[in-house]
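Following: one structure in structure tokens, then a few remarks.
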There are 2 protein chains.
Amino acid sequence: MARAGLSRERLIRAGAELADEVGFDRVTVSELARRFDVKVASLYSHLRNSADLTTGITLLALEEMADRAADALVGLAGRDALAALATAYRDYAREHPGRYAAARARLDPETAAGSAGVRHARMTRAILRGYDLAEPEETHAVRMVGAAIHGYAELESAGGFEHTPVDAGASWEWTLDALDAVLRNPPTSRPGRPSRPGRPD
Amino acid sequence: MARAGLSRERLIRAGAELADEVGFDRVTVSELARRFDVKVASLYSHLRNSADLTTGITLLALEEMADRAADALVGLAGRDALAALATAYRDYAREHPGRYAAARARLDPETAAGSAGVRHARMTRAILRGYDLAEPEETHAVRMVGAAIHGYAELESAGGFEHTPVDAGASWEWTLDALDAVLRNPPTSRPGRPSRPGRPD
DNA sequence: TCGCTTGCCTAATACTTATAGGTTGTGTCC
DNA sequence: GGACACAACCTATAAGTATTAGGCAAGCGA
């Protein structure tokens, strides 16, 4: 009987394509077996279980996104770097919605520590270091920027912007400008009324 | 045989509690039947199918969040209103992670149009109207603020802030200040930067 | 060529979703 | 107060998915 040439690598890659086609939450080992024209049990020689497949897809997506972001970042700083990183994420989410959803799935701590998630965190912080914020403001900024980027990518890929006839790309550029502006001129650490230091009305 | 007193209402409410306990993606009709000590088939008199249950939970969560937000908003404007709305979402996400995840699930267009999602959009826009932005900037702002709030809530409830020893509440206040500041003084057409070749969108 | 490893198989179990059709509790109408 | 109709819950059944155990054979190394 001809062999299908399965391997963990190939299965996870095919699983990622499946995720982009039907959604990450609908990835099943059964469907994967069907695509390779193979019985389900055969996959269990290469995958421990169903979760092994899905976390494999998550790790793959994190790697791919980190690679893209790193490529986009070379030689850039300031707003250009921020825009390059953010747009790498946004583009990835639009091209690979299933993989993007996979990348947002929660990992257990040890797996997360060994994943490309670490590179993402480092890149974000490196960019923000260019804005000269002290701690804890830099951490605040990392969180805000991460929230804005991933929130935007998620809302957009979930179709949340389709009700309003304003170009999503224009809102994206505006958002990047806004983030850049606020990072250059961050709010005071006092939770009181903002006095916008250094900028007259 | 004693009757369990099932109803669509009760089932969806119990489903929402189940979601908060085990995660929205692990809500099943089987588990729900188990909790009511009833056979699975019995639920199908009250629910059309499994999707009927999950979208019911989504709609419930959207309603609850909109009610909370509306309560928090009375009599407020400006940064106070922004903070009230955003914090209503954040608190809801922290208290009810499963329901919050449900609220972010995608609905088909007609269902979405009849959902409390419409109220959310109206409230956000009403708050931003106070910042006196023209179109399309107001829409850009709606998208940015929505992305930042929901991105933050999601990252936080996914444990994304647990690696860094900076209080998540402090970052939250800083982020609200930053959003308020940038809305008061929005980016025009790239202040102080040459216009870059735009990406075709 | 022998034999061993590995790749894929059949078979079996358990759980979830879903439908069809039966039985019984209970409120309502006379 | 009894009959009845409907609603609530049941049993039985079927299909899809996840997982494990054990078997056979392809094809590489000796």
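None of these values were measured; they are calculated from a predicted model. In the text below, chain A, chain B and the rest are named by the order of the sequence lines, each starting its count at 1.
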In whole Å, I'd like the distance from the [atom1] atom of [X] to the [atom2] atom of [N].
X	N	atom1	atom2	answer
Arg26(B)	dA18(D)	CZ	P	14 Å
Asp52(B)	dT17(C)	CG	P	13 Å
Leu43(A)	dC9(C)	CG	P	9 Å
Leu6(B)	dC9(D)	CG	P	4 Å
Asp37(A)	dG7(C)	CG	P	18 Å
Phe36(A)	dG7(C)	CZ	P	14 Å
Leu32(B)	dC9(D)	CG	P	13 Å
Glu31(A)	dA18(D)	CD	P	10 Å

Once you apply a heavy-atom cut-off of 4.0 Å, does Arg34(B) come out as touching a base, just sugar-phosphate, or nothing?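 It contacts sugar-phosphate atoms only.
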Select base, sugar-phosphate, or nothing to describe what Ser30(B) touches, counting heavy atoms under 4.0 Å on all strands. base
Considering residues at least two apart in sequence or located in another chain, which fulfil the side chain to side chain contact (heavy atoms under 4.5 Å, CB included) criterion with Tyr44(B)? Val29(B), Val40(B)
Tell me every residue that passes side chain to side chain contact (heavy atoms under 4.5 Å, CB included) with Val118(A), counting only those two or more places apart in sequence or in another chain.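 Only Arg122(A) meet the side chain to side chain contact (heavy atoms under 4.5 Å, CB included) criterion with Val118(A).
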Each nucleotide of nucleotides 19-24 of chain D classed B (base within 4.0 Å of a protein heavy atom), S (only sugar-phosphate) or -, in 5' to 3' order, makes BB----
Using a 3.5 Å distance criterion without hydrogens, assess whether the side chain of Thr111(B) forms a donor-acceptor pair with backbone atoms of Leu107(B).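 Such a contact is absent between Thr111(B) side chain and Leu107(B) backbone.
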Counting only N and O atoms by type, is there a donor-acceptor contact under 3.5 Å from the side chain of Ser115(A) to the main-chain atoms of Gly117(A)? yes
[X]: what forms a ring pair (Phe, Tyr, Trp, His ring centres under 6.0 Å) with it, not counting sequence neighbours?
X	answer
Tyr89(B)	His120(B), His150(B)
Tyr152(B)	Phe161(B), Trp172(B)
Tyr100(A)	none

So does Ser42(B) get a side-chain nitrogen or oxygen closer than 4.0 Å to the phosphate oxygens (OP1/OP2) of dA8(D)? no
Closer than 4.0 Å, any side-chain N/O of His46(B) to the OP1 or OP2 of dC9(D)? yes
